[in-house]
2 protein chains.
Amino acid sequence: MATQERWLTDDEQRAWRALIGIVVLLPGALDRQLERDSGLSQIEYGVLAMLSEAPDQTLRMSQLAALNDSSLSRLSHVANRMEQRGLIVRRTCPEDRRANIASLTEAGLAQVVAAAPAHVTKVRELIFDKLTPTQLENLTEVAAVIRAGLDPDKGPPPPQVE
Amino acid sequence: MATQERWLTDDEQRAWRALIGIVVLLPGALDRQLERDSGLSQIEYGVLAMLSEAPDQTLRMSQLAALNDSSLSRLSHVANRMEQRGLIVRRTCPEDRRANIASLTEAGLAQVVAAAPAHVTKVRELIFDKLTPTQLENLTEVAAVIRAGLDPDKGPPPPQVE
DNA sequence: CGGAATAACTTGATGCTTCAAGTAATTGCT
DNA sequence: AGCAATTACTTGAAGCATCAAGTTATTCCG
């Protein structure tokens, strides 16, 4: 900062810079690999992957959004494009006619199956191959803690009353 | 995945999900805070912050891009907007007339100074307040390792020849 | 039962990012 | 010196994300 008070300790500074670096660079790295190898964006891959694991390869839009940490609006646009391309189909849910369920098509399934290996390899290459078992443990713990505090969308968490 | 082979171990899965969650959610959380409190995006804040720390509050576009993990193109667009708004000024570098140097204006400086406290508070709130000293240490280490492997833009790092 | 409130999306506009291409200045080679 | 290659950016177009507003369906409750 321009100002006096050192707002983060040196340790925190270093952690912060590295973390932001990851946050800024990782999506691009993954997107490029996916785009190049499979013509998919990261969220599209995520959608296909989640559907492929779901019972009947079908999920409600809202669930799909939650699973991908996406807003409903964003997912709706994405689903439009994917439907155009024939990767998924949507129909209104019979039990709740406000809701919309998306299902994998055969083409969609074929796409994920084809895309997965290279993607996983990239993930390994970028993350897990670099870590010792201890570091993996530490990552799992720390990432979970941070992630938990990021949920849509609590402001300052209510002070712990013990 | 839809397929047989469990491509990541359970531990890795959990780490991966949490990490992606962070990567997806953190930028939005920071952007919203900055936008709301100061009318800045994260990269705009980053530009102002880096300039404010630089000697003579001046940096070349390429340095500014590197410091913010941004492409030159992106930075160029951002700088255009910021120049319109009077937060920075640009002029060609005298030593190398291909290069362009950006400087903070007084208005720009005022902006960072005003924006910094709330932003730092948010960062603390989202990250550091949640971590024990040990976890901070672990984060620093792990994040640095991962970050290092993300640098523009090495493919598979050449196998370590000892 | 009937209207208000809420839920589950979709749509359109706006703005930012990225990508490809372009320009201008400098270096490097011979 | 002179031409090619490289560096440092800028620009314009295309695609995505986000935000606000709009639909349609369901629930709540008096």
Side-chain angles (χ1 to χ4, degrees), chain A residues 23-36 39-47 58-85 87-103 152-153, chain B residues 23-36 39-47 58-85 87-103 152-153:
Chain A
V23 155
V24 168
L25 296 175
L26 187 54
L30 294 174
D31 265 338
R32 267 186 295 279
Q33 178 274 318
L34 277 170
E35 182 62 41
R36 179 168 46 75
L40 293 170
S41 67
Q42 159 113 30
I43 193 178
E44 288 166 346
Y45 179 86
V47 165
T58 290
L59 285 171
R60 288 165 75 139
M61 293 294 281
S62 43
Q63 305 184 65
L64 214 35
L67 288 169
N68 286 284
D69 298 311
S70 156
S71 70
L72 213 36
S73 169
R74 181 185 180 191
L75 183 67
S76 182
H77 287 297
V78 170
N80 274 334
R81 301 192 288 262
M82 295 178 75
E83 199 165 25
Q84 298 297 319
R85 288 196 266 151
L87 301 176
I88 62 171
V89 287
R90 276 181 294 184
R91 34 190 273 284
T92 49
C93 174
E95 289 99 0
D96 182 341
R97 317 231 319 279
R98 294 170 298 183
N100 227 325
I101 58 181
S103 312
D153 19 10
Chain B
V23 155
V24 168
L25 296 176
L26 187 54
L30 294 174
D31 265 338
R32 266 185 295 278
Q33 178 274 317
L34 277 170
E35 182 62 42
R36 178 168 46 75
L40 293 169
S41 69
Q42 160 114 31
I43 194 179
E44 289 167 345
Y45 179 86
V47 166
T58 290
L59 284 171
R60 288 167 73 140
M61 292 293 282
S62 42
Q63 305 184 65
L64 213 37
L67 288 169
N68 286 283
D69 298 311
S70 156
S71 71
L72 214 34
S73 169
R74 180 186 181 191
L75 183 67
S76 183
H77 287 296
V78 170
N80 274 336
R81 301 190 290 261
M82 295 178 74
E83 200 165 25
Q84 300 296 319
R85 286 196 266 153
L87 300 176
I88 63 172
V89 288
R90 275 181 295 183
R91 35 190 273 283
T92 49
C93 174
E95 290 100 0
D96 183 340
R97 318 232 316 280
R98 292 169 300 182
N100 227 324
I101 58 180
S103 311
D153 20 10

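Convention: sequence-line order gives letters A, B, ...; per-chain numbering from 1.
- When each of D:dA8, C:dA8, D:dA17 is scored by its nearest atom to the side-chain atoms of A:Ile43, the top-ranked nucleotide is D:dA17.
- Remark: B:Ser62 is not in phosphate contact with D:dT7, judged by side-chain N or O atoms under 4.0 Å from OP1 or OP2.
- The side chain of A:Asp96 lies closest to C:dA8, out of C:dA25, C:dA8, C:dC9.
- With distances taken from any side-chain atom of B:Arg32 to the nucleotides C:dA8, D:dC19, D:dC9, the minimum falls on D:dC19.
- Judged as a salt bridge (charged side-chain N to carboxylate O under 4.0 Å, His left out), and not counting sequence neighbours, B:Arg97 has no contacts.
- Contacts of residues 73-80 of chain A with DNA chain C (heavy atom under 4.0 Å): A:Ser73, A:Ser76, A:His77, A:Asn80.
- Residue B:Val47 forms a side-chain contact (heavy atoms from CB on, under 4.5 Å) with just one option from B:Leu67, B:Leu59, B:Asn68, B:Leu87, and that option is B:Asn68.
- Of all non-hydrogen atoms in A:Arg85 and A:Leu40, the two that sit nearest each other are NH1-CD2, 4.2 Å.
- Each end of the helix from C:dC1-D:dG30 to C:dT30-D:dA1 gets its own axis from five base pairs, and the two axes differ in direction by 30°, given to 10 degrees.
- The listed nucleotides are D:dA8, D:dA25, C:dT18; the one nearest the side chain of B:Ser71 is C:dT18.
- In this structure, B:Arg81 reaches the bases: a heavy-atom distance under 4.0 Å links it to at least one base atom across the strands shown.
- For B:Met61, counting side-chain heavy atoms from C-beta on, the closest listed nucleotide (C:dC9, D:dT6, D:dC9) is D:dC9.
- The nucleotide whose nearest atom lies closest to any side-chain atom of B:Arg97 is, among C:dT10, C:dA25, D:dT10, C:dA25.
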